[in-house]
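One structure is given below, encoded as structure tokens.
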Amino acid sequence: MATIGLDCEIILDGTGYFVKPGSYIMQQPRIRKATVRADASEAYIDIGPGRREWSMTLLCLNNLNRYDGQPTGTTGQQYRDSLRTSYLNSIGIPINFTDPLNGTPVAVHFDDYQELVRDLHSQIIALATGASPTASYEVHITLVEA
């Protein structure tokens, strides 16, 4: 089982991932509405904080090490495939996200998924030689509080 601070930085749908430095963003917009009244003054309605939204880039790299220096034993492709499976199988169903700042699991909807292949050449060579793809990825995700 993944443990934040030992072999990952966040846990999403039961799998631990490392976050690209400088990419972790949490925002919580206010729910509000401003309208103009008949006398030309402004009416402002503030309902309060909305749902939290997390945005980050996850490192799906080959040869990642845990915090104790030992290899994670997971390839970049396996990290990527796990994320992709969570994204495709969570249609209308919240998944658990463990926030690294307080360790509390939060039910979230997997809202957005974008992947960047770090070295497309290495993936093409692997496929051409009959080997399995060993590409490293950076996957940008967006999660919305359920």
Quiz prompt | From CE (Met56) to CZ (Phe97), nearest 0.5 Å | solution = 4.0 Å
Practice problem: Drop me the distance from Tyr67's OH to Glu9's CD, to the nearest 0.5 angstrom. | Solution: 3.5 Å
Quiz prompt | Residues Arg66 and Asp68 bridged, charged N to O under 4.0 Å | solution = yes
Self-check item: Least distance between heavy atoms, Gln28 atom then Pro49 atom
Solution: NE2-CB, 3.7 Å
Practice problem: Report yes if some heavy atom in the side chain of Leu101 is under 4.5 Å from a heavy atom in the side chain of Met26; otherwise report no. | Solution: no
Quiz item: Side chains of Leu61 and Phe18: does their closest heavy-atom pair fall under 4.5 Å?
Solution: no
Quiz item: Does the distance from a Lys or Arg side-chain N to an Asp or Glu carboxylate O, for Arg51 and Glu145, drop under 4.0 Å?
Solution: no
Quiz item: Side chains of Tyr17 and Tyr79: closer than 4.5 Å at any heavy-atom pair?
Solution: yes
Practice problem: Over all heavy atoms of both residues, which pair between Cys60 and Leu83 is shortest? Give the atoms and the distance, please. | Solution: SG-CD1, 3.7 Å
Quiz item: Side chains of Asp99 and Tyr24: is there a donor and an acceptor less than 3.5 Å apart?
Solution: yes
Self-check item: pair Trp54-Ile25: side-chain heavy atoms closer than 4.5 Å
Solution: no
Exercise. Evaluate the side-chain proximity of Asp13 to Asn89: yes if any heavy-atom separation is below 4.5 Å, no if none is.
Key: no
Exercise. Kindly state each residue pair satisfying salt bridge (Lys or Arg N to Asp or Glu O under 4.0 Å) with at least one member in residues 19-35, sequence neighbours excluded.
Key: Lys20-Glu138, Arg30-Asp46
Quiz item: Between the main-chain N or O of Asp81 and the side-chain N or O of Thr85, is there a donor-acceptor pair closer than 3.5 Å?
Solution: yes
Quiz item: Are any non-hydrogen side-chain atoms of Val19 and Leu58 less than 4.5 angstrom apart?
Solution: yes
Quiz item: Is Leu143 reachable from Tyr113 through a run of I, L, V, M, F, W or Y residues, each pair having side-chain heavy atoms under 4.5 Å apart?
Solution: yes
Practice problem: Would you name the heavy atoms of Ala146 and Pro94 that are closest together and state the gap between them? | Solution: CB-CB, 3.9 Å
Quiz item: Cluster partners of Ile11, using ILVMFWY side-chain heavy atoms under 4.5 angstrom, listed by chain and number?
Solution: Ile4
Quiz item: What about Tyr137 and Leu88, same hydrophobic cluster or not, with Ile/Leu/Val/Met/Phe/Trp/Tyr joined at side-chain heavy-atom distances under 4.5 Å?
Solution: yes
Quiz item: Rounded to the nearest 0.5 Å, what separation is found between the CD atom of Gln27 and the CZ atom of Arg52?
Solution: 12.5 Å
Quiz item: How many angstroms lie between OG1 in Thr72 and CG in Asn62, if you round to the nearest 0.5 Å?
Solution: 9.0 Å
Quiz item: What is the minimum heavy-atom distance between Asn65 and Pro71, and which atoms define it?
Solution: OD1-CA, 3.4 Å
Quiz item: Do Ile141 and Leu12 touch side chain to side chain, with heavy atoms closer than 4.5 Å?
Solution: yes
Practice problem: Is it possible for you to say whether Ile95 and Ile93 belong to one hydrophobic cluster, with membership spreading through side-chain heavy-atom contacts below 4.5 Å? | Solution: no
Quiz prompt | Thr57 versus Ser23, closest heavy-atom pair with distance | solution = N-OG, 3.0 Å
Quiz item: Rounded to the nearest 0.5 Å, what separation is found between the OG1 atom of Thr98 and the CD1 atom of Ile10?
Solution: 8.5 Å
Quiz item: Taking the side chain as C-beta and beyond, is there a heavy-atom pair between Thr142 and Glu53 under 4.5 Å?
Solution: yes
Practice problem: Working to the nearest 0.5 Å, report the span between CG of Asn96 and OG of Ser90. | Solution: 11.5 Å
